[in-house]
Structures are given as structure tokens and as C-alpha cells.
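Structure first, then comments.
Only this structure's heavy atoms are used, side chains among them; waters, hydrogens and symmetry mates stay out. In this chain, residues are counted from 1 in sequence order.
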Amino acid sequence: MDTVDALEQERRQAKFRQVEAEWRRWREDLPPSGPDRPTAAELTALLDELARQPDLDRFRQAWSGWARLSEPFPNGGRRLALNTALQLMANDPTAFEILVDALRLPTDEDEAAVKIRRLHETVTRLRQGSQPAPNMMPLIQSTFWSRQAPDAWPALWTDGELILQQYGWLAYETEPVARYLTYRRATRALAPSATHAADVLSWYSGHHPFCGLDLSLVERCRENAITLGEWHARSGYASPEDERAAAGNAITLRAEMNLTNLALRRRIELALGTDLRQGSMSLETSTSPGRPYRADGFCALYFPSTGAPGALHSLSFRIWVTRDGVAVGLHPSWVSDNYNQSGQVAESQLPTDLCFMRVLGHGEDGRIVPGDRRWPGGQFLVGRWFPGTTALDRVDFADDVAGVAEALRPTAEALLALSRSDAEPPADVSDPTSDIDPVATLADDLLLDPSFLEDIVGLLREKRQIILYGPPGTGKTYVAKRLAEALAPDVERRMIVQFHPSTSYEDFFEGFRPQSDGATGLSYTLAPGPLALLSEAARTQPGDEHVMVIDEINRGNLPRILGELLFLLEYRDESVRTLYRPDAPFSLPRNVLFIGTMNTADRSIALVDAALRRRFHFIPFFPHEGPLADLLRRWLEREQGPVWVADLLDMVNAELRQRLGGPHLQVGPSHFMTQNLDEVRLRRIWDYSVFPFIEEQLYGDWGAVDAYRFEAVHRRFRTESEIVGGPLEDAVSGDPWDNGEP
């Protein structure tokens, strides 16, 4: 386990106290409620009794009452996992004894590790298909433990875990024992009660309030400014400790600024009168590998772009933290043929009490230099300067930010009008998004773990071709397109094609095509296809990545389509004589990357031969595991939709995995990722998109088909969200559409 020095621990505790203060204010506004959880004494007495005399019915009776309460089991996934485990244990007394022992309070971490491991192994042995999910067991165990000893044993809430990981305060772990114990240590280090810390962090993740900027931000920038200077002097960090400290500061800066974006985005949009897109800052001083960690941090909200989907406009509204203070205002990377025009426009529209600030390069003195009401030349930011720590640790700083945005609205409109001219950016102006990490920005937008997308990019650059595979509706094509846009922002550097059974080598690479020559009729000319065109573009721009997205790659006859190109996918430094150019050697440029998508609902992944498999990395996209697990829940929470729909989909997918013998025929979350999801939309989506897919898989088994009509699924979900054998509630907790019908 990495050790944390006293200063860093003090900084983390101070940030937690900021969040805790807002949590307490939120709690004060809640209406009073009665008892909503079993007491520690009641829970301990029950588990002691069951340890002496195992009685599944007795446990079911008690659990039935607790499961209907808002606490301690608010998450439907935990309820469903425990319900399924209890069903399987009905005929296995030994497994039930292991469960009861696993829910009893451990004396120390060694005993906790044994309990977690034993229950995980037991459920892995008992499960049918993939249910219940063994990785849910530590979440359930920790919930019981937290009710028995809240100070020592926190409940593992995945959203609170995510916050800790975003700040760099918790390593990402998949092994169950390591996952829980590292989480326990991280929460215990923040507050006297680990359960209290976990509850506060979970609330923070779900509500995204503005709690004031972290008081340590300016000091972290100062520390990194020192090590950045040393890095440039020696072309590297003085020690591994310096590098780790710089990385930790940069990660905390990015997390704090990203969460500030989430908290203040809507207020800023209202003040500026437009929707904005979030950009996530790069941790390093550039997106090139091997660069030092930055000594500043910002949150950037970009104005709508008229370019390619997903592209960022050059004009952004920023909150920018440096070693000397905090700047708030508009930052035009370029909006015209030179900075002179944009500077003059901003100067003519400068509101009272605001000023210009020079934007310097990384490692230059201060990064942001406040000035006066005259354009200082070069890159600039126009807005308000808060020296030192005057902007930090203040909840009312949100009012200052909104006030600056409102005052700058006419300035923003004038700069946007200037950018809509036909002018091109000058050659000496850097990419307006060079300070932005495109992969992290995309991860924020897609609600995916940045490390997952970074892994995809790493695999893509390693082998130069990958395939995203999984059931329909899991977002494979959407992610592939957005990833291509992030890696190749210029539309001329990317292409998308879709394979189908009649796609040929001539369609994809090159072939003879008829052409009318007027006088003599038809002639045939050798015409390039998408791959030949992209390869030629890549050859003229060897320093830039070019991306080919191949949708439904397994629908085509791959040996027929690729031909000798299959060899070049693996051997980029060699050339071959192509079918129609036997006298002209052809090589595939190293900077051409391929992202394929493969729908596995028809099990066609099994038909991919070994030669193709060797040339591609295959990345699974399944809704029940990995980074896509809980994606629908995260999206519904962000869009303030009916979150219980995610639990219903989890139930259906668990049934389909068991009934159909694997994960390839599940229902993807993208079906339900629609704005303003209400009862009418949900039923329409189910009846005309989801149900026909399930009906096709179960064709002929009409009893099973009828079980997946919406009314039957909804009724079953209401039942299974409660303990099997317990009383049926009139509605699922949080279900606003239930009409009380049986």
C-alpha cells in the first residue's frame, strides 16, 4: 500500500470537511424521518442466533423487512444479488452458514479478507450463468458490517469509490479483498467514522454540489512549478518521489476542476445564454508522452462548435488555478486570423471591473499574468483575477463565477461572431485544444472510466487495430466514432465504413470502375476506395494519426475484402504487390489505425479465424461487467431520469444470460438513454425495440416470450426487488409510474 505523508493526508481531510459541510446543510433541509435501519444490536443478535442455529426462513423474514427500507439497501442491484443468492442457498445449508458467517462483523482485516474470499468462492460455485454476481458480495457484506460497527467498517458504495479514484486517493482494484480493504483504509483516513465518510462521498458523487475550491490548489501549483522547472533543467525529475508528488498534485487538480465543472456548468450556461461542452485538462504539459506534469489546473466549458460532432470550439469559459491565484473568464485560443482582431474585439466589449490577463506557456512565470483593461498581446484571458487564495474555500465563489459569466455575455457573442468569419487560424497558433486531454474529455462525456478509454487507446496504438465486440445497444459504434474524432479531430483524417455480405476488396481498397467517356461509351479506370484514400492522406501527414472505423466488421467476407492487406495489418514496415498494381509496391502507413465493431448477438465472433484474431485486440462491451456495468444508472442519474429502469434492465439481462447460456444476447443500455424518459417512451422503447429482439431469441417458446412483455417484466421486477417469500410491495421504491395494480 502506498504511504501518504502527513501534509497530503491533512489536505485530503480538509477537502473532505468542505464536502461534509455541504452535506450537513443538505441534511438540515430534509424532512424528519423515522427509523429506517436495523440497529447494530438487532443485527448482531440475529446473526449470532443464525450462527448457532442456521434458519434460512428466519433470515428471509428479517431481510424482507429491511429490504423495503431506504436504508441500508437502497441499491436494487444489491437486493437482487442477495435475493438470488438466498434462492440458491435454499438447498445448500453449508453455503448459507458461510453467508451468515460472512455477514458477521470481522475482528480485523485478516479475518475480513477470509470472509470476503470464502463468500466470493461460494457464490462463484453456486451461481447459475452469471447470477448472482460474485463481485456484488463484498458490497453486501460491507453494508451489514457498517451497521454493526460504523466507525471501523464502511459500506462500499461504488459512487463514493469513484470519487476517491478520481482524486487519486484510491487505487483501482478488481480483486475483491484488495478492493474493499483499500477502500476501507481510504475512508478511515478521512473521518473518525468510516461509514460516515463513505456516506458523504457517495452523496457528493450523486449530487455534485459546489463545496468551494480545495484550499490546497494554489499550493499544489506552486509545488509543481518548482519540480517543473527542475524537470526542464535536467530533462527529468530529480527522484521518483518528486514525480509521484507531481503526478498526485496534477490528478487532484484535474479531479477538483472536473467536479467544479459539473457543479457550476448549468449556472454558467444560464449566465452566458448557451449550452457548453466540458473539456478535461491534460495531466501533463502536453498530450505527447513523456512530458512533465503541469503546474496549473483549469475547468473549461467550450462554446458550441459548427464543426464536426464532438469538436470543441476555440472559445471557452475557464476557471484557471495557478501558483499565484485564480482567473475566471473567457479564453479564445483563436477566433480569427490573428490575436490582434480578437483582442481588439474583447477590448471594445470589456465590461466594467474586468481585465485582461496574459496566458503564458507551461513553465513560464506564473502561467496567468493579470493586467489592465488593454489587450496585452498574444494569448489572453479576459475576466477577473483572484490573487493568492482569495477564491479558495468559499461556497459563494460560485456567485462570483456566475457574475463574471453574465458580465462577459456580450463579449462572448462578439468573439463568436468574429469566429464565424471565413478566416483560417494562423500557422503559428497552436491547436486550441492542446491543453485538453481528448480521451479524458471523451470519458467524462460518455460517463466511462478514463482508464478504460486510455486502455483502448493504448491497445490501438500497440497493435494499430482493435475490435469492440458485444451485444447490440451497448454503444460500440458510438464509442468508436467518438474515439476516432478524439484521435483525429480533422475530418479528413478519419473515415467510417460498414461491411456487409456484398462488400468487396474493390469497394474497400481499390478496383476498376466504369466511367463514361462521352464519345466511345464506357471505359474502366482504377479508382481508390476508402482505405487507399486514407492511406494516401496518412502518407502525406506522417506525424498525425488517421483512423478508419469499420462498423459491423464481421458482416463481410473478411478474406475476400482484405486480400493481401491482411498481411500488411501485421507487417506495417513491409510492402506487397496488390491485386491491381502488381508493379507498384504498397505498404500500409503506420499511422493508420483501425477500430472495428462486432455485434455478437448472432455469435458470429466465433467465425473469426485465428489469423484475424492475431492481428486485432478484442475489447468486450457487455452491459453487466467492466466499465459498462451501471452505465445506464449513471446516465439516468446525470439526466435526472428514472434510475430504477437500470435495475429493471439488470434483472432482465441476468435472466437472459442464464436462459440463453451466455452474455451475448443481452439488452444494451443505449435503448433507454433518451432524454425525458417517461412511461410512454419506456413502453414504446420496450414494445418496439427491446421486446422484438428478445422475441427473436426465444422464438417458438411462447410462454417464455410472454414473460418478456412489458407488463410481465414490470410485475416481476416489483416482486424480485423484495425478498423472495416476503410481502409484495405496491411499488418499487422510486417507481413513479406504478398504479397499484397487481
Side-chain angles (χ1 to χ4, degrees), residues 67-68 70 74-81 83 131 159 206 445-448 470-479 599 601 621-624 628-660 663 665-699 702-722 728-742:
R68 295 194 304 273
S70 61
N75 183 288
R78 300 184 194 213
R79 295 198 299 268
L80 290 172
N83 290 343
Q131 290 298 310
D159 42 7
D445 197 21
L446 299 181
L447 295 175
L448 293 173
T474 48
K476 302 178 296 296
T477 301
Y478 186 74
V479 171
N599 181 353
F621 268 55
F622 292 102
H624 70 296
L628 267 67
D630 286 332
L631 175 61
L632 178 59
R633 182 174 290 103
R634 294 194 296 272
W635 191 89
L636 290 170
E637 287 174 348
R638 184 179 72 178
E639 302 300 322
Q640 298 182 335
V643 178
W644 64 268
V645 173
D647 290 331
L648 182 146
L649 184 61
D650 286 345
M651 180 198 75
V652 169
N653 279 335
E655 293 174 353
L656 292 176
R657 292 196 299 272
Q658 183 173 340
R659 183 184 293 272
L660 299 173
L665 299 172
Q666 299 180 79
V667 178
S670 63
H671 291 289
F672 307 97
M673 296 170 74
T674 180
Q675 298 288 338
N676 303 316
L677 184 64
D678 57 15
E679 181 178 7
V680 173
R681 287 185 175 88
L682 178 63
R683 289 177 181 271
R684 189 179 297 148
I685 291 167
W686 193 274
D687 290 343
Y688 298 105
S689 184
V690 174
F691 178 73
F693 170 76
I694 298 176
E695 183 181 31
E696 180 182 359
Q697 313 310 320
L698 301 175
Y699 188 82
W702 303 118
V705 168
D706 287 341
Y708 287 96
R709 298 187 187 279
F710 182 78
E711 291 75 11
V713 167
H714 191 234
R715 187 182 306 115
R716 189 162 66 253
F717 172 65
R718 291 163 53 197
T719 302
E720 294 193 11
S721 292
E722 301 300 324
L728 174 63
E729 288 289 297
D730 286 339
V732 173
S733 175
D735 179 353
W737 303 335
D738 185 78
N739 57 14
E741 296 176 357

Atom [atom1] of [X] and atom [atom2] of [Y]: how far apart are they, to the nearest 0.5 Å?
X	Y	atom1	atom2	value
Phe672	Ser689	CZ	OG	8.0 Å
Trp635	Leu447	CH2	CG	9.5 Å
Leu448	Arg634	CG	CZ	6.5 Å
Thr674	Glu639	OG1	CD	10.0 Å
Leu631	Leu446	CG	CG	8.5 Å
Glu637	Leu632	CD	CG	10.0 Å

Any side-chain heavy-atom pair of [X] and [Y] under 4.5 Å:
X	Y	answer
Ser670	Thr474	no
Val690	Phe710	no
Val705	Phe691	yes
Leu677	Ile685	yes
Gln666	Leu649	no
Leu698	Arg659	yes
Met651	Val713	yes

For Glu695, is there an ion pair with Arg709 - N to carboxylate O distance below 4.0 angstrom? no

Between Glu711 and Arg715, does at least one N-O distance fall below 4.0 Å, as a salt bridge requires? no

Under the side chain to side chain contact (heavy atoms under 4.5 Å, CB included) rule, what do Gln697 and Leu656 come out as? Steps first, then yes or no, please. CA-CA 10 Å; Gln697 313 310 320; Leu656 292 176; over 6 Å; no

Enclosure of Arg681 CZ (heavy-atom neighbours >12, cutoff 6.0 Å): yes

Kindly confirm or rule out a cation-pi arrangement of Arg716 over Tyr708, judged by NZ or CZ under 6.0 Å from the six-membered ring centre and within 45° of its axis? yes

His714 and Trp644 aromatic ring geometry - parallel, tilted or perpendicular at 30°/60° bounds: tilted

Minimum heavy-atom distance [X]-[Y], with the two atoms named:
X	Y	answer
Phe621	Pro471	O-CD, 3.2 Å
Ala646	Leu636	N-CD1, 4.1 Å
Pro472	His671	O-NE2, 4.5 Å

